[in-house]
Amino acid sequence: ASVLLFSGLYLYDAVRHRAEIPKLEDQALHMRISGVFWAAHMIQDHRLFGVGPGQFVSNIERYAGNLPEIWMYQPVHSLYALIASEYGILGLIGFLFFIGFVIRSWRMHANRPIIPITILASVLFLGFFDHYFFTFPQGMILFWLSIAFMLQSDRENTNAKQIYKL
């Protein structure tokens, strides 16, 4: 108990900053909000087809002007806003239809396991707050694995006893 008390007092300042609600003056929060506004302007200017795959960062200067730091040139921190700005409204609708197809195929399965839908729901929820499922190779792998788990759960003979039956 004394170790926990000592470590809690020692680490209080380091943990306190992580647990606070961010202030509007916070630079990271400001950049995230700005990114959403830039994406909205890109969507408004390129409604149907977007600015092109992977072109969000290339078009930031047109909407934000010259940014003072090179690290500020990054995709919007929302998967859905990124898809809509790069692929347009048609691309976002196509993406949502694809997700709907995957979920529908899972729902049609008589014995549907809960784990695949939980994984996919987590990935889709995190997509509201970051872009890494669409821009980083590791994130893309996680996204497509979650889709594969959903589609695999739809297939017959997924029971381990049937797979390994000799």
Side-chain angles (χ1 to χ4, degrees), residues 18 20-158:
R18 296 283 185 192
E20 288 179 347
I21 296 174
K23 297 180 175 99
L24 288 178
E25 299 87 28
D26 184 23
Q27 186 176 17
L29 181 63
H30 177 70
M31 288 301 298
R32 286 176 181 261
I33 293 171
S34 297
V36 171
F37 284 119
W38 301 334
H41 288 296
M42 285 184 202
I43 295 166
Q44 187 176 10
D45 290 348
H46 307 279
R47 284 192 177 116
L48 289 180
F49 301 108
V51 295
Q55 298 302 310
F56 183 89
V57 175
S58 301
N59 284 284
I60 286 178
E61 201 167 311
R62 184 182 309 163
Y63 296 94
N66 288 333
L67 297 174
E69 300 287 335
I70 191 73
W71 64 266
M72 293 178 171
Y73 291 90
Q74 56 181 310
V76 61
H77 288 278
S78 170
L79 175 68
Y80 308 103
L82 183 63
I83 291 173
S85 61
E86 288 187 350
Y87 294 91
I89 299 300
L90 295 177
L92 180 62
I93 290 170
F95 175 76
L96 295 176
F97 270 115
F98 173 70
I99 296 299
F101 166 77
V102 170
I103 293 172
R104 183 169 180 253
S105 70
W106 173 81
R107 288 189 68 209
M108 292 174 64
H109 187 2
N111 184 18
R112 30 181 205 254
I114 194 72
I115 293 175
I117 191 68
T118 305
I119 293 170
L120 183 63
S122 300
V123 167
L124 295 175
F125 178 73
L126 289 172
F128 284 108
F129 307 106
D130 217 330
H131 57 84
Y132 54 81
F133 291 113
F134 203 68
T135 55
F136 295 129
Q138 298 88 344
M140 289 182 219
I141 290 169
L142 289 173
F143 174 76
W144 287 109
L145 279 175
S146 68
I147 296 293
F149 286 142
M150 288 290 290
L151 295 176
Q152 176 62 28
S153 69
D154 183 42
R155 296 183 64 184
E156 296 297 324
N157 300 327
T158 57

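Note: hydrogens, waters and symmetry copies are ignored here, and every other heavy atom, side chains too, is used. In this text, all values refer to a predicted model and were calculated from it rather than measured experimentally.
- The OG atom of Ser34 lies 10.0 Å from the CD1 atom of Ile60; values are rounded to the nearest 0.5 Å.
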Steps toward side chain to side chain contact (heavy atoms under 4.5 Å, CB included) verdict (Leu79, Phe95): CA-CA 11 Å; Leu79 175 68; Phe95 175 76; 4.2 Å; yes

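- When atom types are taken as modelled, the side chain of Arg32 and the backbone of Ser78 share no donor-acceptor pair closer than 3.5 angstrom.
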Step-by-step side chain to side chain contact (heavy atoms under 4.5 Å, CB included) determination, Ile103 to Leu120: CA-CA 9 Å; Ile103 293 172; Leu120 183 63; 4.1 Å; yes

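- Summarising the geometry, atom OH belonging to Tyr132 is positioned 11.5 Å from atom NE2 belonging to His77; distances are rounded to the nearest 0.5 Å.
- Heavy atoms only, all atoms of each residue included: Ala84 and Ile43 are closest at CB-CD1, 3.5 Å.
- Under a 3.5 Å cut-off, the side chain of Tyr80 and the backbone N or O of Leu124 do form a donor-acceptor pair.
- Expressed to the nearest 0.5 Å, how far CE of Met150 lies from CD1 of Ile119 amounts to 10.0 Å.
- In this structure, the separation between CD1 on Ile89 and CG on Leu96 is 10.0 Å, given to the nearest 0.5 Å.
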Intermediate values then yes/no, side chain to side chain contact (heavy atoms under 4.5 Å, CB included), Phe56 and Leu82: CA-CA 7 Å; Phe56 183 89; Leu82 183 63; 3.8 Å; yes

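- Considering every non-hydrogen atom in both Phe134 and Glu86, the closest pair reads CE2-OE1, 4.1 Å.
- Other residues, nucleotides and ligands contribute only 12 or fewer heavy atoms inside 6.0 Å of the CD1 atom of Ile115.
- Atom CH2 of Trp38 sits about 8.5 Å away from atom CE of Met42, to the nearest 0.5 Å.
- The distance from the OG atom of Ser85 to the NE2 atom of His41 is 12.5 Å, given to the nearest 0.5 Å.
- Contact check for Phe98 versus Ile147: side-chain heavy atoms found under the 4.5 Å cut-off.
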